[in-house]
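For clarity, every value in this text was computed on a predicted model and none was experimentally measured.
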Amino acid sequence: MTGPLRRPEELAAGTAADRRAQLEDGLVELDCAHCGGLVRVKKNSLAHTSIQWTADAVRRCSAFSVRDGCPRLRAGIDAAVADGWLEIPEDPLAVPSAGLVLPGG
């Protein structure tokens, strides 16, 4: 174990904040140009895209599959990136230095 011991409520609050950051931060709403379904999307890197499908978007989309999503939506996401509307982080692996304790420090 590393770091100081934390109370259970502190751990729970940190876990909830991490979960919120992973599932919500940076997501933007995008309408599918074909079916009008609304999804929330985020580009984490050139190769990694996070998509949150709404129940309405799943109902509207005739091409949706659980495994592959929708190729039409994928094209819409690619177009949004090409247009500069949806940005890809410059360095998705960058770690903020604030609060980090380096070995020996």
Heavy-atom check, side chain of Cys32 versus side chain of Val39, under 4.5 Å: no
Side-chain heavy atoms of Leu30 within contact of Ile77, under 4.5 Å: yes
Leu73 side chain reached by Phe64 side chain, heavy atoms, under 4.5 Å: no
Minimum side-chain heavy-atom gap Lys42-Val28 below 4.5 Å: no
Non-hydrogen side-chain atoms of Ser62 and Arg72 separated by less than 4.5 Å: yes
From CG (Leu86) to NZ (Lys43), nearest 0.5 Å: 7.5 Å
Heavy-atom side-chain proximity of Cys70 to Trp53 below 4.5 angstrom: yes
Pairwise side-chain contact, Val81 with Thr49, heavy-atom cut-off 4.5 Å (strictly under): no
Separation between CD1 of Ile88 and CG of Leu46, rounded to the nearest 0.5 Å: 5.0 Å
Pairwise side-chain contact, Ser50 with His48, heavy-atom cut-off 4.5 Å (strictly under): yes
Main-chain N/O of Leu38 paired to Thr54 side chain as donor or acceptor, under 3.5 Å: yes
Rounded distance [0.5 Å steps], CG in Asp31 versus CZ in Arg60: 8.5 Å
Gln52 atom CD: more than 12 heavy-atom contacts under 6.0 Å: yes
